[in-house]
Amino acid sequence: MNNKKLTVSHAPFWHDGDSLFKKNLNFIIALLPAAIFGVLQFGAPALGVLALSVSCAMLWELIINAVSKRPFTIGDLDAALIGLLFGMMLPAVTPWWLVVVGTFVAIFMGKMIFGGIGASPFNPALLGMAILMLSWNMFFDFDTAYVNYDFDFTALAPLVAVKFQGAATDLFPLSALFMGREVGAVGAVFSLGLIIGGIYLILRGYARWELSVSFIAGIVITAFLFHLVNPESYAGPWFHLFSGYTMLGAFFLITDSSSSPVQRIPMLIYGLLAGFMIILMRNIGSYADGTILAILLVNVVSPLLDNIRPTALGKDMSNA
Amino acid sequence: MREMLSMIVVLTVLASVSGGLLAAVKSGTELRIEEQVLKFQKAPAIESLFSDVTNDPLKERFNLETGETTIQIFPGKMPDGSMAVAFETLGKGGYGGDIGLMVAIDMDKDQLVGARVTTHAETPGLGSRAKDDLTFVSQFNDKSLDTNLALKADNGTISAISGATVTSRAITRAAIEAQTLYNDLKPEIMKQIQ
Amino acid sequence: MAQSLAKEFTKGLWAEIPPFRLVLGLCPTLAVTKSVENGIGMGLATTFVLVFSNLLISLLRNVIPTKVRIACYIVIIATFVTIVELVMQAYTYPLFLKLGIFIPLIVVNCIVLGRAEAFASKNNPVMALADGLGIGIGFTLSLASLGAVREILGAGTITIWGGSPIFDMSNWFHPFTFMVEAPGAFAALGLMLAGMNLIGKK
């Protein structure tokens, strides 16, 4: 007799036959257009931040692996991806120690402490960002960060300018926002590049379209409603869509597989909720850009949403 | 029945002993507590408001009854000879509870000398700036008493601390309360000072 | 006797040290450990309550009827807490302001009631005293160390009872303010628990 129990976690399963290495490599490739654009626009410091962030993230994972006496996992490029995403959310002139600390928080507190890849309830890069922003808010002020730069476009961070300085959204034409002609984080300004990368990932099956689409829908609908009620004080949906971290969030942050739900309907609710929260934070909250905190918040909701799933066959039959 | 009785007796005895003990401790510490409150909460605010008075406001303090509460009044002689008083009011509805505000009013000119936050439990770095950073409270300096001391958002004259509107609003409430309190009490204060 | 007395005392310092081993009393642990000073103050206040309530409950353990024991314990504990509160107001007012609501909340601290119910009501006064003292000192040490971690990382300095900082690296260190905020308390406690488990496992 074969007494072995086959233990399986709950359905559904989704495997496209690829390795982790290939998945992460594709994510990195998809991020490259936006990253390269950031380097071209913000110059050598941007490249420095990105390189430091990626290498630090991998180094921290290596060290933690060694200390906890577990097999080395940096070969799957997950740490590199976290590092790259993290670096792309920073201003180009971020001090080096901030990158070192931030990648440590992301890798250690965001990923390794929960048991490594696939086990973390939060998006590691976002957790690192959120903790840094709470602690060293002054280094994330894009206006002061780029004070020594000379841009040929409005040198104000769009969300901050519209929210706190009372600037009109006309200062930031959609085409400029779309093409990355704005002040912001290294990898988050070039909306077009991010969209191309995101569509590539969705077509290749590495990211789920439900998440991105519902996220964008959540933002557009909520922002539209706010705009409808009071066009004077609330910017329109397209402005929100192409400024701040929105596009990076839509295709690369919210699609993180370990912290998002697995079923289609939960995924749609999850995305909508995230988009809704972002606009609430931007329009009513005290932060200029709520993307990071909003996605972390829905990360927490994700296990609850996972409860919405088809009943297993025969499970609810009382007289079976 | 016996058990019932013992329950009642034990609990009664315990409660009365502890009541007696607490009453003793309370009366033993009462004076010192009042001194400490004065020294750590009110004195710094008063010294900062009355930095150049020619008397000692803390020593000359007196109490006034207003309805059900008693308030402490600290009189100060301004260098130009006019008389001022300082007293504390509570602003309801801060982010972390009520906010204490020490308000000083020049009685001859009927205008504010200034205001300082005494106690608060606001978020460090946001609401706590109301106390640590004097730019917000210095808006009250030399305001005439018939100025509307509400926030600009509430059609008043005071600009809120950015990111801490709730705190700012609670403080303006305290200031407005001080205005009404002063108008009610002015005759009595005059009597006490003379 | 002497041996078991020592055992009851020392168990509070490592084997059952709250809140790391005996994961009780988390409310004050998380809320007040923004600095070493607060941690020590809170720890000492709790120790005082713990020692005297343990002693008194142990003395009265044969008098208190079982059915109303919890009510009796609460009366005793609440009395000592109020005494601590008044005394702190009278003599260490600035510290009292910082600890605020968490001093009266010692009444509902699980450690105090837990020791009363689980230990003092079943053992003689000397043992109960040793237990209360051990657990109290353990609690103080934990809060102080947690406070130290959070204050060093979150402010870059350690300041005890006014005066100048006894440890200061704020001239080159950008304070990691996350650590003195509420979420930092959870993170710091969790990491310290993990560290202790790592050491204790060997």
Side-chain angles (χ1 to χ4, degrees), chain A residues 60 63-70 86 90-91 93-116 119-141 144-145 286-287 292-294 296-297 299-300, chain C residues 19-21 23 26-27 29-36 38-39 98 142 145-159 165 167-202:
Chain A
W60 283 125
I63 292 171
I64 294 162
N65 277 333
V67 170
S68 58
K69 302 193 185 75
R70 292 188 176 253
F86 182 78
L90 297 171
V93 288
T94 310
W96 62 270
W97 55 268
L98 204 61
V99 182
V100 176
V101 174
T103 46
F104 174 75
V105 173
I107 295 289
F108 181 61
M109 277 167 67
K111 179 185 168 195
M112 300 312 282
I113 214 166
F114 294 104
S120 84
F122 300 106
N123 185 329
L126 280 178
L127 192 76
M129 265 313 273
I131 289 180
L132 288 204
M133 286 176 101
L134 282 179
S135 297
W136 292 288
N137 205 2
M138 54 281 189
F139 291 105
F140 295 94
D141 182 346
T144 48
S286 56
Y287 290 98
I292 287 165
L293 295 176
L296 275 178
L297 202 66
N299 280 171
V300 185
Chain C
F20 293 122
R21 278 285 184 279
V23 190
L26 286 181
C27 167
T29 308
L30 295 170
V32 305
T33 53
K34 282 181 185 162
S35 65
V36 185
N38 287 4
K98 280 187 203 152
S142 314
S145 55
L146 190 59
V149 169
R150 290 180 65 193
E151 194 177 353
I152 289 176
L153 290 176
T157 55
I158 285 192
T159 316
F167 173 86
D168 192 350
M169 54 176 189
S170 56
N171 46 352
W172 57 271
F173 182 75
H174 293 274
F176 190 17
T177 5
F178 170 74
M179 276 300 176
V180 287
E181 304 274 347
F186 286 92
L189 180 70
L191 293 179
M192 284 182 76
L193 255 172
M196 281 195 63
N197 283 344
L198 204 68
I199 299 167
K201 212 165 60 178
K202 280 167 195 162

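To find a chain, count down the sequence lines: A is the first, B the second, and so on, and within it residues start at 1.
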*Against chain C, label A/Ile113 side chain, backbone, both or neither, depending on which of its atoms sit under 4.5 Å from a heavy atom there.*
side chain

*How long is the gap from CZ on C/Phe178 to CG on A/Leu134, to the nearest 0.5 Å?*
7.0 Å

*Measuring from C/Met179:CE to A/Ser135:OG, what's the distance to the nearest 0.5 Å?*
8.0 Å

*After noting the C-alpha distance and the side-chain angles of C/Phe176 and A/Trp136, does the key distance pass the side chain to side chain contact (heavy atoms under 4.5 Å, CB included) rule?*
CA-CA 7 Å; C/Phe176 190 17; A/Trp136 292 288; 3.2 Å; yes

_Please determine whether the number of non-hydrogen atoms from other residues, nucleotides or ligands lying under 6.0 Å from atom CH2 of A/Trp97 exceeds 12._
yes

*Going from OG1 on C/Thr177 to CD1 on A/Ile131, what distance comes out if it is rounded to the nearest 0.5 angstrom?*
11.5 Å

